[in-house]
**Student:** 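One structure, pasted below without further comment.
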Amino acid sequence: MDNQQNEDIRSRIRTIPDFPKPGIQFRDITTLLLDPEGLRLTIEKMAAQVDGKVDLVAGVEARGFVFGAALAVRLGTGVLLIRKDGKLPGATIAEDYALEYGTDRIAIHADALVPGARVLLVDDLIATGGTARAAVRLLRKAGAEVVQASFVVDLPDLGGADALRSDGINVSALVAFEGH
């Protein structure tokens, strides 16, 4: 990832210090979403990083839905919604994952994909990787081949992208911000 090449994306992401608690530098992508040219560039650059054919784009709730849907249109695929458990009607399959204090659970429709489907996982940001790793486990449980995970922002100091790579996932991000 060449951060200089993507300065046009980085410059459209606002940093809010001390949110949600002191010491955290919150990387706010809403300013990027509000900018039509920034959003267009983001989707173009994310699509350019896709390595090979994908059958389906899986977006993680909620900001992953925005980027996932736009990428799906660009790539000519459908979009699969990975939601918090209890938000989808009908039969679902789910996966638990650890939080700082406790656990959470994500789910997809049980019939959301054909086994063997090549899936691109998409979210706005990768931090510790807990949700993204759970999404990969969930997609694999459903029979998908997760071919890549794509993010707008990577926080490399938190290790999430490296954890995904250790799970055998090709990870791409447009920009990286040091720190938390």
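Predicted model only: the values in this text are computed from it and were never measured.
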**Student:** Can you find a heavy atom in the side chain of Ile82 that is under 4.5 Å from one in the side chain of Leu80?
**Tutor:** yes
**Student:** Are Asp35 and Arg40 side-chain neighbours, meaning at least one heavy-atom pair lies under 4.5 Å?
**Tutor:** no
**Student:** Can a donor-acceptor pair be found, under 3.5 Å and without considering hydrogens, that links the side chain of Asn6 to the backbone of Val175?
**Tutor:** no
**Student:** Between Asp55 and Lys53, is the closest basic N to carboxylate O distance under 4.0 Å?
**Tutor:** yes
**Student:** Would you kindly confirm whether Val66 and Val122 end up in one hydrophobic cluster when ILVMFWY residues are joined by side chain heavy atoms under 4.5 Å apart?
**Tutor:** yes
**Student:** If you apply the rule salt bridge (Lys or Arg N to Asp or Glu O under 4.0 Å), what do you find for Lys84 with Asp104, and how did you get there?
**Tutor:** CA-CA 8 Å; Lys84 298 282 187 188; Asp104 210 343; 3.0 Å; yes
**Student:** Grab the two heavy atoms, one from Ala72 and one from Gly78, that are nearest each other, plus how far apart they are.
**Tutor:** CB-O, 3.6 Å
**Student:** Could you walk me through whether Ser150 and Leu120 pass side chain to side chain contact (heavy atoms under 4.5 Å, CB included), step by step?
**Tutor:** CA-CA 7 Å; Ser150 180; Leu120 169 67; 4.0 Å; yes
**Student:** Could you check Ile126 against Val153 for side chain to side chain contact (heavy atoms under 4.5 Å, CB included), going step by step and ending with a plain yes or no?
**Tutor:** CA-CA 6 Å; Ile126 179 81; Val153 175; over 6 Å; no
**Student:** How long is the straight-line distance from CG of Leu71 back to CD of Gln49, given to the nearest 0.5 Å?
**Tutor:** 10.0 Å
**Student:** Identify whether Leu113 and Phe65 are in the same connected component of the hydrophobic contact network (ILVMFWY, side-chain heavy atoms under 4.5 Å).
**Tutor:** no
**Student:** Do Val136 and Leu121 have side chains that approach each other closer than 4.5 Å (heavy atoms only, starting at C-beta)?
**Tutor:** yes
**Student:** Verify, without hydrogens or angle tests, whether Gln148 (side chain) and Val171 (backbone) share a donor-acceptor contact under 3.5 angstrom.
**Tutor:** no
**Student:** So does Ala173 get a backbone contact from the side chain of Asp154, meaning a donor-acceptor N/O pair under 3.5 Å?
**Tutor:** no
**Student:** Mind running side chain to side chain contact (heavy atoms under 4.5 Å, CB included) on Asp28 and Thr15 for me, showing each step along the way?
**Tutor:** CA-CA 6 Å; Asp28 180 18; Thr15 298; over 6 Å; no
**Student:** Out of curiosity, Phe19 CZ to Gln25 CD, how far, rounded to the nearest 0.5 Å?
**Tutor:** 12.5 Å
**Student:** Is it possible for you to say whether Ile13 and Leu158 belong to one hydrophobic cluster, with membership spreading through side-chain heavy-atom contacts below 4.5 Å?
**Tutor:** yes
**Student:** Please answer whether the main-chain N or O of Arg14 pairs with a side-chain N or O of Thr31 as donor and acceptor at a distance below 3.5 Å.
**Tutor:** yes
**Student:** Please identify each residue that fulfils salt bridge (charged side-chain N to carboxylate O under 4.0 Å, His left out) with Lys141, with sequence neighbours left out.
**Tutor:** Glu95
**Student:** Say you draw a straight line from CG of Leu174 to OG1 of Thr42; how long is it, rounded to the nearest 0.5 Å?
**Tutor:** 6.0 Å
**Student:** With a 4.5 Å heavy-atom cut-off, do Asp18 and Ile24 have their side chains touching?
**Tutor:** no
**Student:** How many angstroms lie between CG in Asp85 and CD1 in Ile108, if you round to the nearest 0.5 Å?
**Tutor:** 12.0 Å
**Student:** As an exercise, state the distance from NE2 of His109 to CG of Leu81, rounded to the nearest 0.5 Å.
**Tutor:** 8.5 Å
**Student:** Could you tell me whether the side chain of Glu145 and the main chain of Gly116 form a donor-acceptor pair under 3.5 Å?
**Tutor:** no
**Student:** Looking at Leu139, Val147, Val57, which one forms a side-chain contact (heavy atoms from CB on, under 4.5 Å) with Val119?
**Tutor:** Leu139
**Student:** Over all heavy atoms of both residues, which pair between Ile93 and Ala142 is shortest? Give the atoms and the distance, please.
**Tutor:** CD1-CB, 3.4 Å
**Student:** Taking the side chain as everything from C-beta on, heavy atoms only, tell me whether Leu32 gets closer than 4.5 Å to Leu39.
**Tutor:** no
**Student:** Between Asp96 and Arg105 (salt bridge meaning N to carboxylate O under 4.0 Å), is one present in this structure?
**Tutor:** yes
**Student:** Quick one, Met46 and Ser172 - any side-chain contact, counting heavy atoms below 4.5 Å?
**Tutor:** no
**Student:** Could you check Lys45 against Asp8 for salt bridge (Lys or Arg N to Asp or Glu O under 4.0 Å), going step by step and ending with a plain yes or no?
**Tutor:** CA-CA 11 Å; Lys45 289 180 179 201; Asp8 50 355; 2.8 Å; yes
**Student:** Between Arg10 (side chain only) and Ala176 (backbone N and O only), is there a donor and an acceptor less than 3.5 Å apart?
**Tutor:** yes
**Student:** Quick one: do Leu138 and Val79 end up in the same hydrophobic cluster if we chain Ile, Leu, Val, Met, Phe, Trp and Tyr together by side-chain heavy atoms under 4.5 Å apart?
**Tutor:** no
**Student:** When clusters are formed by joining ILVMFWY residues with side-chain heavy atoms under 4.5 Å apart, either directly or through shared neighbours, do Leu164 and Leu155 land in the same one?
**Tutor:** no
**Student:** Any side-chain heavy atom of Leu125 sitting closer than 4.5 Å to one from Phe151?
**Tutor:** no
**Student:** Report the C-alpha distance between Phe67 and Ile29 in whole Å, list the side-chain angles of each, state the deciding distance to 0.1 Å, and finish with yes or no for side chain to side chain contact (heavy atoms under 4.5 Å, CB included).
**Tutor:** CA-CA 11 Å; Phe67 296 104; Ile29 55 95; 4.0 Å; yes
**Student:** Ion pair present between Asp167 and Arg133, side-chain N to carboxylate O less than 4.0 angstrom?
**Tutor:** yes
**Student:** Going by heavy atoms in the side chains, are Val146 and Arg118 under 4.5 Å from each other?
**Tutor:** no
